[in-house]
Amino acid sequence: MLLKFFKHSPFSRLFFFYAAGLIVSNHFTVSGWLVISLSAIAVFMALSVVLAMKAFRHPDLNWIFGFTLSCVLFIIGLIHNELEKNSRSKAEDLISRESVFLARIQELPEIKSKSIQVRVRIMGELENNKLKKNTLKAILYFEKDPASENLKPGYLVGIRTRFEKVPASGNPGEFNYRKYLANRKVYLQSFIAAESWCLTTEKPSKGIRIIAENFRRRLLDRYRKLDMDQREFNVLSALTLGYRRDLDTETKNAFAKAGVMHVMALSGFHTGVIALLLGYLFGMFNGSPTGRAIRIIMILMMLWGFAMITGLSASVTRATVMLSLVMAGKFFGRKINTYNILFAAAFFILAVTPGLIADVSFQLSFLAVGGIVLFHPVFYRIVRIKNRLADMIWQLFTVSCAAQLGTLPLTMYYFHQFPLFFWLANLYTLPLVAVVIYLAAAYLLLSFIAPLSRITGQMLLWTVKCLLHGVSLVEAFPNALIDGIYISAAQTVLLLVAVSCFGLFLSYRIKIPLFAGLLILPVVLLLGIKHDCELNRQKRFTINNLNGISSINLISGHRNLLLANPDSLITPAKIMYSFNDYWIERGVHDRVKILDFNDPGLTDSLDFPGLYIRQNFLRDQVYLNFYETSVVIMKNDAYRQVITDSMLEVDLVVVTGNVYPDMGKITQLFDPERLVIDSSVKFYNAEKWKNACAEYGVDCWNIAAQGAYTVKPGMSN
């Protein structure tokens with residue numbers, strides 16, 4: 001059965017082996033010589049097989065051709081990803097070297113509280129009055145002023161700056177912003193002071209992406225003319241134009257709890273709704289082959305225009321590629337194989353942007369469609385309904401269940417949650433979103449006719465209000481969301497395989513996938529039990545990365561303690577963003593206790609296994625011992641006045657705040673394995689500490705630059 005599946009879905013083979021090469025390259029370092037050798041091997045293998053097939057023409061040799069093609073595709077995927085890594089190394093060559101660059105603004109600027117964030121393409125670097133061309137992408141933060149607020153896509157600016165790496169995830173389990181941007185080929189960032197940039201006299205670029213971004217800006221300006229509040233504007237912009245930058249956390253959480261966050265991601269559903277509308281509008285061209293060709297070309301042009309305007313998100317791009325292939329296949333009278341088209345779309349997208357193999361939205365988009373293709377026909381056949389309206393509701397229900405089942409393992413892995421009432425919310429959310437799209441199109445097209453634009457605008461506003469009210473209603477249901485779920489990467493992969501096996505069994509009634517899926521489930525369960533056993537014995541000491549804040553996280557078994565200095569920057573939202581995923585992984589997300597380690601009565605408040613704290617140690621410093629891991633926290637400069645003949649052996653010395661760097665005195669008092677500069681230390685002071693550590697041969701860890709520092713007492717670090 002599987003051989004038959006691969007035979008009728010040739011792109012599945014291309015995708016699997018090409019993707020395997022990308023994944024191997026992502027997880028292992030491949031040397032330049034190996035890349036060159038593999039390239040030569042790939043060329044040799046391809047030529048040898050082609051010549052052999054021509055010479056012998058024997059059907060029994062077809063498997064050799066297939067095997068060789070698979071090996072070649074694996075090598076191509078590996079090489080392609082290594083070339084992407086090469087562009088990353090080129091970006092790193094610009095780090096910490098001040099120079100003058102020309103940069104083209106690529107997307108709509110995002111206005112923040114103190115800066116204007118823009119995504120740019122570096123066009124070149126000025127060296128000796130000559131432009132050294134470059135095509136790297138970067139994110140710039142312009143100092144906020146009237147000039148920077150007027151920046152638009154297509155503008156060419158000259159900047160004098162020193163680029164930096166995009167910051168990685170600062171804490172265990174935290175969202176990795178550097179990896180997210182690297183998947184989109186963005187590796188650099190920089191802050192641009194008002195006096196360090198100027199707008200060039202060159203006319204704004206007229207590239208397709210720039211035109212699309214400026215067109216989206218004009219459409220957003222038309223939305224702003226509607227009498228709606230900011231939340232309604234943000235939701236409308238996200239649903240119809242893919243502009244999600246202003247969506248607040250509360251709105252995102254409401255849609256997530258209701259199980260309809262996918263509508264905010266401009267899924268293939270939106271593209272399908274637009275394709276249906278365009279098909280109806282251009283139905284007049286169906287009378288002849290020439291007319292059908294014109295109809296297909298016009299629909300595809302508009303679909304790709306919509307994809308460009310909405311920023312070529314993974315889900316919209318996938319849907320547009322699939323629709324393009326379906327329409328082309330139907331025009332040429334080819335039989336449509338949905339699986340083959342799905343894998344073809346994935347293969348083409350990864351061929352252009354290989355980094356998307358690790359992108360969450362890319363993975364969820366394709367798994368959702370895979371779930372629909374695999375499970376929807378099975379679910380839909382369970383009940384036969386003759387009433388047309390009831391049948392449409394049943395279709396919506398089964399499609400929602402199929403998509404949710406396809407993405408369930410990844411949803412639990414990435415988001416640690418499962419919305420119980422997704423099926424109910426989708427029943428009215430999807431039709432309302434379709435109405436919003438149609439009304440938005442009508443409003444934008446009729447905006448120059450005042451009476452009609454007012455009517456359609458009010459209808460659009462009312463529909464958005466209904467959508468938000470319906471989402472809030474489901475979100476408020478008791479136990480609407482099961483959260484705190486943790487599964488490992490291995491469990492996720494196994495569950496994906498098991499779900500696929502059950503889908504194949506239900507669709508084709510073959511027993512082997514069923515047995516395979518049933519065998520996988522106990523393995524998943526055993527891995528979960530093993531993880532729970534490890535949690536009972538866990539001991540972790542982490543110095544966190546919170547900008548401007550000193551904080552330490554201690555975990556013992558299922559007990560969780562966060563020690564932090566009092567600061568207005570510490571908010572529940574910031575704590576949950578920084579630590580929630582990590583705490584879920586460690587099984588302590590609902591057991592956190594937060595204390596101020598500057599509190600004079602801290603010792604009296606402690607009841608934590610394995611922890612001993614002594615305050616006012618060595619003139620107002622703090623001594624901490626956690627399961628025989630000894631730490632001294634330097635709070636101020638009073639340590640320089642301490643006179644002692646003995647040296648204290650400690651594992652770590654943690655420097656905080658504005659403590660003056662005096663390594664001579666530190667090495668007189670302590671014999672540390674490592675000195676840690678926490679995230680409350682200013683950049684210039686951290687540099688002084690790093691230089692002093694290098695001079696005295698003391699190992700140094702800078703939290704702000706290197707991320708949080710974790711010790712597992714009783715284990716080698």
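Heavy-atom basis, side chains included; hydrogens, waters and symmetry copies ignored.
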query: Are the ring centres of Tyr18 and Phe74 closer than 6.0 Å?
result: no
In terms of heavy-atom contacts, Val166 and Arg178 come closest through O-NE, 2.6 Å
Notebook entry, point to check: Under 3.5 Å, side chain of Glu110 to main-chain N/O of Gln117, donor-acceptor pair present?
Noted result: no
Plane angle bin for Phe362 and Phe366 - parallel if under 30°, tilted between 30 and 60°, otherwise perpendicular = tilted
Side chain proximity check, Gln363 to Tyr414, heavy atoms < 4.5 angstrom: yes
Q. Mind checking whether Leu356 and Ile349 have side chains closer than 4.5 Å, heavy atoms only?
A. yes
Rounding to 0.5 Å, atoms CH2 (Trp583) and OG (Ser578) come to a distance of 9.0 Å
Closest heavy-atom pair, Val378 versus Leu374, reported as atoms and distance to 0.1 Å, is CG2-O, 3.9 Å
The single option from Val120, Thr161, Ile159 that satisfies side chain to side chain contact (heavy atoms under 4.5 Å, CB included) with Ser190 is Thr161
### Message
Quick check against the 3.5 Å criterion: does Ser507 have a side-chain atom that pairs as donor or acceptor with the backbone of Gly503?
### Response
yes
Residue set satisfying salt bridge (Lys or Arg N to Asp or Glu O under 4.0 Å) with Glu174, at least two apart, ordered chain then number -> none
Does Phe215 CZ have over 12 foreign heavy atoms under 6.0 Å away?
no
Leu518 and Pro522 have their tightest heavy-atom pair at O-CD, 2.8 Å
- Query: How about Ile512: does its CD1 atom have over 12 heavy atoms from other parts shown lying under 6.0 Å from it?
  - Reply: no
Check against side-chain contact (heavy atoms from CB on, under 4.5 Å), Ser99 and Phe101
CA-CA 6 Å; Ser99 188; Phe101 302 90; 3.8 Å; yes
The reported gap from CG in Leu405 to NE2 in His376 (rounded to nearest 0.5 angstrom) is 13.0 Å
Do Ile210 and Gln106 have side chains that approach each other closer than 4.5 Å (heavy atoms only, starting at C-beta)? yes
- prompt: Could you go step by step and tell me if Leu495 and Met412 meet the side-chain contact (heavy atoms from CB on, under 4.5 Å) rule?
  reply: CA-CA 11 Å; Leu495 282 176; Met412 293 191 297; 4.0 Å; yes
On a heavy-atom basis, the closest approach of Tyr243 and Arg216 is N-NH1, 3.8 Å
Closest non-hydrogen contact found for Ile372 with Pro377 is O-CD, 3.6 Å
Self-check item: Flag side-chain contact, heavy atom, 4.5 Å: Tyr577 against Phe175
Solution: yes
* **Tyr180/Val360 under side-chain contact (heavy atoms from CB on, under 4.5 Å): CA gap, chis, key distance, verdict** => CA-CA 9 Å; Tyr180 170 80; Val360 179; over 6 Å; no
Are Ile23 and Ile357 close enough that some pair of their side-chain heavy atoms sits under 4.5 Å apart? yes
Is there a side-chain contact between Ile584 and Asn580 (heavy atoms, below 4.5 Å)? yes
- Main-chain N/O of Leu140 paired to Gln189 side chain as donor or acceptor, under 3.5 Å: no
Next on the checklist: Pair Met302, Phe306 - check side-chain contact (heavy atoms from CB on, under 4.5 Å), show working.
Outcome noted: CA-CA 6 Å; Met302 291 189 176; Phe306 172 72; over 6 Å; no
d(Lys530 NZ, Leu527 CG) to nearest 0.5 Å is 7.5 Å
Rounding to 0.5 Å, atoms CG (Leu300) and OG1 (Thr320) come to a distance of 9.0 Å
**Asked** With no hydrogens and no angle check, is any side-chain donor or acceptor of Gln706 less than 3.5 Å from a backbone partner on Asn702?
**Response** yes
Check: Is there a donor-acceptor pair closer than 3.5 Å between any side-chain N or O of Trp701 and the backbone N or O of Gly707?
Finding: yes
Side-chain contact test, heavy atoms from C-beta onward, threshold under 4.5 Å: evaluate it for Phe418 versus Ile485 and give yes or no.
yes
Would you call the rings of Phe375 and Phe379 parallel, tilted or perpendicular, where under 30° means parallel and over 60° means perpendicular? parallel
Shortest non-hydrogen pair, Asn214 vs Pro153, comes out as ND2-O, 3.2 Å
| field | Beyond-backbone contact of Trp304 with Ser324, side-chain heavy atoms, under 4.5 angstrom | value | yes
- Indicate yes or no for a side-chain donor-acceptor contact from Arg119 to the backbone of Ile139 under 3.5 Å, with no hydrogens or angles considered. no
Between the CG atom in Asn176 and the CG atom in Asn171, the distance rounded to the nearest 0.5 Å is 11.5 Å
Only one of Phe17, Phe16, Phe348 passes ring-ring contact (aromatic ring centres under 6.0 Å, His included) with Phe343, and that residue is Phe16
In this structure, NE2 of His531 is separated from CD of Glu585 (nearest 0.5 Å) by 6.0 Å
